[in-house]
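Lettering of chains follows the sequences in order, A, B, ..., and the numbering in each one begins at 1.
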2 protein chains.
Amino acid sequence: MHPEQVPPVLADALFRPVRTGNAFEETMERMLQAIRLGAIPPGGRLPPERELSARLGISRVTLREALRALQESGHVESRRGRYGGTFVRPVPTHRAVAGPPPSPEAVEDTLTLRFVLETGAAETAAARALGPQVRRHLRACLQDCASAPPTDYRRTDSRLHLAIAEATGAPSLTGAVADVRSRLNALLAAIPRIPANIEHSDAQHRDIVNAILDGDPPAARTAMAEHLAGTASLLRGFLA
Amino acid sequence: MHPEQVPPVLADALFRPVRTGNAFEETMERMLQAIRLGAIPPGGRLPPERELSARLGISRVTLREALRALQESGHVESRRGRYGGTFVRPVPTHRAVAGPPPSPEAVEDTLTLRFVLETGAAETAAARALGPQVRRHLRACLQDCASAPPTDYRRTDSRLHLAIAEATGAPSLTGAVADVRSRLNALLAAIPRIPANIEHSDAQHRDIVNAILDGDPPAARTAMAEHLAGTASLLRGFLA
DNA sequence: CCGCATTGGATCGCGCACAGACCATTAACA
DNA sequence: TGTTAATGGTCTGTGCGCGATCCAATGCGG
C-alpha cells in the first residue's frame with residue numbers, strides 16, 4: 001500500500017509547531033523584541049500592565065512574570081503609583097548569550113525571507129501616498145541612524161527598517177518584518193565583530209528613504225536590495 | 001509628564017496577541033488549512049497521530065480532539081489497525097460558514113502582504129537552480145490546475161502557488177505564503193460568485209511557471225504581479 | 001494638605017493542555 | 001493461518017496559565 005504523501009517541504013511549513021514554547025517564553029521574546037528593535041526607546045514607558053496583557057492576549061499574571069524576569073536582567077524598571085509604570089532602562093547589561101551556532105540552512109532561510117519582506121515593504125511604501133507625519137517619521141529615523149553612536153547603531157538601524165515597514169500601512173507586513181528582523185539580529189549576535197561599513201550603510205539608507213519619499217517603487221526596491229546584500233554576504237561569510 | 005510613546009502602528013505589530021485562541025482552535029485551523037490548500041489531496045493520508053502531534057508541538061489528546069471535530073464535520077475519516085490512519089474525504093460537505101464581512105482595512109492588509117510574499121517567492125524561485133524533481137512538481141501542479149474541474153479550482157490553484165513557494169527552498173517563506181493564502185481563501189469565501197476568468201488565470205499561471213523554469217527572476221515577478229492583480233481588484237470591488 | 005485616580009503587587013480557585021502508559025484493531029507477510 | 005508491527009482509541013494524574021479580586025504606593029488637582 002502506498003497512500004499519497006504530502007511533499008516534505010510543504011509538510012514542514014504546514015505542520016510546523018502550533019505554539020513555540022510556553023506563554024511566558026513567548027512573552028519574554030516579544031518584550032525583548034520591542035526593546036531591542038528600539039520600538040520603546042531607552043527611558044520610554046511600556047503600556048500599563050492591564051492594557052499590555054490585554055493586547056498580548058495573555059493574563060496579567062503571566063505578563064508580570066515576564067516583566068519580573070526583564071527587571072532582574074536589567075532591561076526594565078518599574079515604579080508604582082499613578083504616573084508610574086514600567087520603563088526601559090538605558091543600555092542594559094548586555095551580556096552576550098552564547099548559544100549554539102545557527103545552521104547554514106537556517107541562515108539562508110532567514111536571509112531569503114528577509115529579502116522578500118523588506119524589498120517588498122520598501123516598494124510598497126514607495127507606492128503609497130504618505131502623509132506628512134509618516135514622512136517626518138521616516139526622516140527622523142534616518143537622521144537618528146546616521147548620527148547614532150556605534151553602540152546604538154543596531155537599535156536605530158532596526159528602528160529605521162521598522163519605520164519603512166510601518167509606512168506600508170499593513171500591520172501584518174510590519175509584524176512579519178519585525179519578526180524576521182529579530183531573527184536577523186539573533187544571527188548578527190553570533191558574529192564576532194561587525195566591520196565598519198556603517199558609513200556605506202548610511203548612504204544606502206538615504207537612497208532608500210529618498211526613493212520612498214519620491215514615490216519611486218522600483219528605485220526603492222533596488223536600493224533596499226543593494227542594502228540587504230551587504231548584511232547577507234557578511235552573514236553568509238561567517239555562518240554559511 | 002509625557003513619557004515617550006511607541007508609535008501606534010508599530011505597537012499594533014509588536015504587541016499583537018501572543019497566542020491566537022487555544023491550542024484546539026489553532027490546530028483545527030492548521031488542519032483545515034492543509035486540507036483546503038490541497039496539501040493533502042482528497043483520499044490522501046495524514047501522518048500518524050503520534051508523529052503529527054509531535055510536529056505540531058501539541059499533545060496527542062489535543063490533536064485527537066481536533067481530528068474528531070474534523071471527522072464529525074465530514075472532512076476526514078479514520079481507520080484503525082496497521083496501514084490505517086486518518087484520510088481526507090473527497091469533497092466534504094461544503095457548508096459555507098457565513099461570518100461577519102471583513103473590514104476594508106483587513107482586506108487591504110491581506111492583499112498587501114500577499115503581493116509582497118508571492119511576487120517575492122516567484123522571483124526567488126526563479127533565481128534558484130531547481131532540481132529535476134522540483135521542476136516536475138511545478139509542471140504537474142500547473143497541469144492539475146489547468147485540467148481541474150471548477151469545483152477543484154480553488155484547491156489546485158492554491159496547490160500551485162504553494163509549489164512555487166516551496167521551490168524557494170525557504171521553509172519560513174513557504175509557511176508565510178501558506179498563511180496568507182489561507183487568509184485570502186477566507187476572503188474569497190465571502191464573495192458570492194467567482195467570475196469565469198479561469199482561462200485567463202491558466203495562461204498567467206503558465207507564464208509564471210515558465211519564467212521560473214527559465215530562471216528569469218524579473219519576468220517571474222512581473223508575471224506573478226499581473227496574476228495577483230486580478231484577484232486583488234476582484235476582492236477590492238466586492239469588499240473594499 | 002487632603003482626596004483620589006492610576007498604577008504596580010499579590011493571592012486563590014478553576015480549567016485546559018500535557019505526558020505517558022495501556023488497550024483494541026487491522027492488514028501485510030512469512 | 002498465525003504472527004506482528006503499526007495505528008487509532010482511552011484513561012489518569014500533573015502543572016501551567018487564566019480570571020478575578022484585593023492591597024499598596026504615589027503624584028496631581030483641589
Ignoring backbone atoms, establish whether B/Arg64 has a side-chain N or O less than 4.0 Å from OP1 or OP2 of D/dG9.
yes
What are the residues of residues 23-31 of chain B, sorted by number, that bring a heavy atom to within less than 4.0 Å of DNA chain D?
none
Given A/Asp179 and A/Leu113, is the side chain to side chain contact (heavy atoms under 4.5 Å, CB included) satisfied, shown in steps?
CA-CA 10 Å; A/Asp179 278 346; A/Leu113 183 61; over 6 Å; no
Which of the following nucleotides, C/dT6, D/dA5, D/dT7, is nearest to the side chain of B/Arg82?
D/dA5
Return whichever of B/Val61 or B/Ser78 has its heavy-atom-nearest nucleotide of DNA chain D closer to the 5' end.
B/Ser78
Would you please confirm or rule out a distance under 4.0 Å between OP1 or OP2 of D/dC18 and any side-chain N or O of A/Thr62?
yes
Under a plain distance cut-off of 3.5 Å, with no hydrogens placed, do B/Glu26 and B/Thr20 share a side-chain donor-acceptor pair?
yes
Whole-Å distance, A/Leu63 CG to C/dT7 P, equals 14 Å
Does A/Arg68, at its CZ atom, have more than 12 non-hydrogen atoms belonging to other residues, nucleotides or ligands within less than 6.0 Å?
no
Report the distance from atom CZ of B/Arg80 to atom C1' of D/dA6, rounded to the nearest whole Å.
13 Å
Atom-pair distance (OH on B/Tyr83; P on C/dA27), nearest Å
12 Å
B/Asp109 bridged to B/Arg114 by N-O distance under 4.0 Å
no
Without hydrogens or angle criteria, can the side chains of A/Arg64 and A/Ser59 be said to hold a donor-acceptor pair below 3.5 Å?
no
Position toward the 5' end of DNA chain C (nearest nucleotide), A/Pro48 or B/Arg50
A/Pro48
Can you check the B/Arg79 CZ to D/dA6 P distance for me, whole Å?
18 Å
In whole angstrom, give the distance that lies between atom CG of B/Leu70 and atom P of D/dG8.
14 Å
May I ask you to check if B/Arg30 and A/Phe15 form a cation-pi contact, with NZ or CZ under 6.0 angstrom from the six-membered ring centre and within 45° of the axis?
no
When all nucleic acid strands are considered with a 4.0 Å heavy-atom cut-off, which category describes B/Ile58: base, sugar-phosphate, or nothing?
sugar-phosphate
Is the closest side-chain donor-acceptor distance between A/Gln33 and A/Ser182 under 3.5 Å?
yes
For B/Thr86 and for A/Asn22, find the nucleotide of DNA chain D with the closest heavy atom, then tell me which residue's nucleotide is more 5'.
B/Thr86
Using whole Å, what does the distance between atom P of nucleotide D/dG9 and atom CG of B/Leu52 come to?
14 Å
Interatomic distance where CD belongs to A/Glu49 and P belongs to D/dA20 [whole Å]
17 Å
Using whole Å, what does the distance between atom C1' of nucleotide D/dT7 and atom CD of B/Gln71 come to?
14 Å
